[in-house]
Novice: 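What follows is a single structure, and I will ask about it in a moment.
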Amino acid sequence: MASWTPPLGTPPLGTPPPETAGHHAAPLPHRCERPCHGGGPRHPAAVKRALAGAAAVVAAAAFTLWWFSDRQVVKRRTASLLDTVTIEAGSSPIGRGLQAAGIDGFLAPHVTLEVPSEEASGTHSRDDIAAGFRYVAEHAHSTRFGIERLASITLAGDHALVVATLDAEVRFNQRQHPLIAARYRTEFEWHQLDGRWRIARVTMTPAP
C-alpha cells in the first residue's frame, strides 16, 4: 500500500497557525484576586463608619440650629438676666459692682415695669433702671430671682414674650423680714435691638 505524502508547503503536524500580518492576539483581561477599586461592595465596617460620620454631621447641624434659634436665645437671655440680678449673701463689693455693671447690656433704652409697688411701676430710662440696681447691689443683704416654672415663649418678629412663675426674694438686713418674698406670675417682653434681645417690659402679679 502506497504512503500518503502532504503537499509541498504544508507545515508539520503540531505547528501553530501563523498570526495574521499586522494583528496580535488580544491579551487576556486582568482578573483581580480581591475586589478591584471601584467595583464590588464596600467592607461593612467602612460603610458603618461613613454612616456614623454622616449622622454626626447632621446631628451637629441640627443642634447648632436649635441652640441659636431665637426661642433658645431668648430663653437663655431671660435666665442670664435673673442670674445678674441675683446677689449672693456675703459676695464681695467688687463682685457686686460687676453684676451692677452687667445689667446695662440687658436693658432697652426705656423699660416699663408693672409691679406690685406703685413707686417702682412706670416707664423708666435705662440709666434709671441701672442706677436703681446699683443701689440694691450695694446695700442689699441678698436677692434671689429664679424661674420656678416656664409657661411659654412666644415669638413675633423682633418681639418675644416669656411667661413664667418667678420665685423672688429681696432682703436688706439678715435679721429683718425680707422686703420681697413671694411667687409672681411674670411676663418678660424682649425686643431685638441692634442684633441683641433687650428687655422692654416686665409685668409681675402675685401667683396663686
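Values reported hereafter were calculated over all heavy atoms of this structure, with side chains retained and with hydrogens, waters and symmetry mates removed. Computed from a predicted structure; not experimentally measured. Positions are given from 1, in the same order as the sequence printed here.
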Novice: What are the two closest non-hydrogen atoms of Thr84 and Phe106, and how far apart are they?
Specialist: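 Closest pair (atom of Thr84, atom of Phe106, distance): OG1-CE1, 3.5 Å.
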Novice: Please give me the minimum heavy-atom distance between Leu166 and Gly146, naming the atom from each residue.
Specialist: CD1-O, 3.3 Å
Novice: Considering only residues two or more places apart or on different chains, which pairs with a residue in residues 181-205 satisfy salt bridge (Lys or Arg N to Asp or Glu O under 4.0 Å)?
Specialist: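 Checked against salt bridge (Lys or Arg N to Asp or Glu O under 4.0 Å) - neighbours excluded - the pairs reaching residues 181-205 are Glu114-Arg201, Glu148-Arg183, Arg185-Glu187, Glu187-Arg201, Glu189-Arg201.
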Novice: For the CD atom of Gln99 and the OG1 atom of Thr86, what is their distance to the nearest 0.5 Å?
Specialist: 8.0 Å
Novice: With a 4.5 Å heavy-atom cut-off, do Ile180 and Ser117 have their side chains touching?
Specialist: no
Novice: As an exercise, state the distance from CZ of Phe188 to CD1 of Ile147, rounded to the nearest 0.5 Å.
Specialist: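 The CZ atom of Phe188 sits 6.0 Å away from the CD1 atom of Ile147.
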Novice: Distance from Ile129 atom CD1 to Thr112 atom OG1, nearest 0.5 Å?
Specialist: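 Rounded to the nearest 0.5 Å, the CD1-OG1 separation comes out at 9.0 Å.
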Novice: How about Asp104 and Arg126: do any of their side-chain heavy atoms sit closer than 4.5 Å?
Specialist: yes
Novice: Would you say Val163 and Val74 are hydrophobically clustered, going by side-chain heavy atoms of ILVMFWY under 4.5 Å?
Specialist: no
Novice: Between Trp190 and Thr78, which heavy-atom pair has the shortest distance, and what is it?
Specialist: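 Scanning both residues completely, I find the closest heavy atoms to be NE1-OG1, 3.1 Å.
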Novice: Same hydrophobic cluster for Tyr135 and Val111, using side-chain heavy-atom links shorter than 4.5 Å among ILVMFWY?
Specialist: yes
Novice: Between Ser142 and Ala89, which heavy-atom pair has the shortest distance, and what is it?
Specialist: CB-N, 3.8 Å
Novice: Group every Ile, Leu, Val, Met, Phe, Trp and Tyr by side-chain heavy-atom contacts under 4.5 Å, then state whether Leu98 and Ile87 land in the same group.
Specialist: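 No, it is not one cluster - the side chains of Leu98 and Ile87 are not joined through contacts under 4.5 Å.
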Novice: Using every non-hydrogen atom in the two residues, find where Pro116 and Met204 come nearest and quote the distance to one decimal.
Specialist: CD-O, 3.5 Å
Novice: Once rounded to the nearest 0.5 Å, what's the spacing between atom OG1 of Thr143 and atom CZ of Phe172?
Specialist: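 Rounded to the nearest 0.5 Å, the OG1-CZ separation comes to 9.0 Å.
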Novice: How many angstroms lie between atom CG of Asp158 and atom CG of Asp70, to the nearest 0.5 angstrom?
Specialist: 10.0 Å
Novice: Restricting to non-hydrogen atoms, name the atom on Val115 and the atom on Ala120 that form the minimum distance, rounded to 0.1 Å.
Specialist: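 Scanning both residues completely, I find the closest heavy atoms to be CG2-CB, 3.8 Å.
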Novice: Side chains of Trp197 and Gln192: does their closest heavy-atom pair fall under 4.5 Å?
Specialist: yes
Novice: If you measure from OG on Ser91 to CZ on Arg96, what distance do you get to the nearest 0.5 Å?
Specialist: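 Separation between the atoms: 3.5 Å.
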Novice: Are Phe145 and Leu150 in one and the same hydrophobic cluster, where Ile, Leu, Val, Met, Phe, Trp and Tyr link if side-chain heavy atoms are under 4.5 Å apart?
Specialist: yes
Novice: Under 4.5 Å between side-chain heavy atoms, counting indirect links through other Ile/Leu/Val/Met/Phe/Trp/Tyr residues: same cluster for Ile103 and Leu193 or not?
Specialist: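 Shared cluster, no.
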Novice: Should Ile199 and Leu107 count as side-chain neighbours, where that means a heavy-atom distance under 4.5 Å?
Specialist: yes
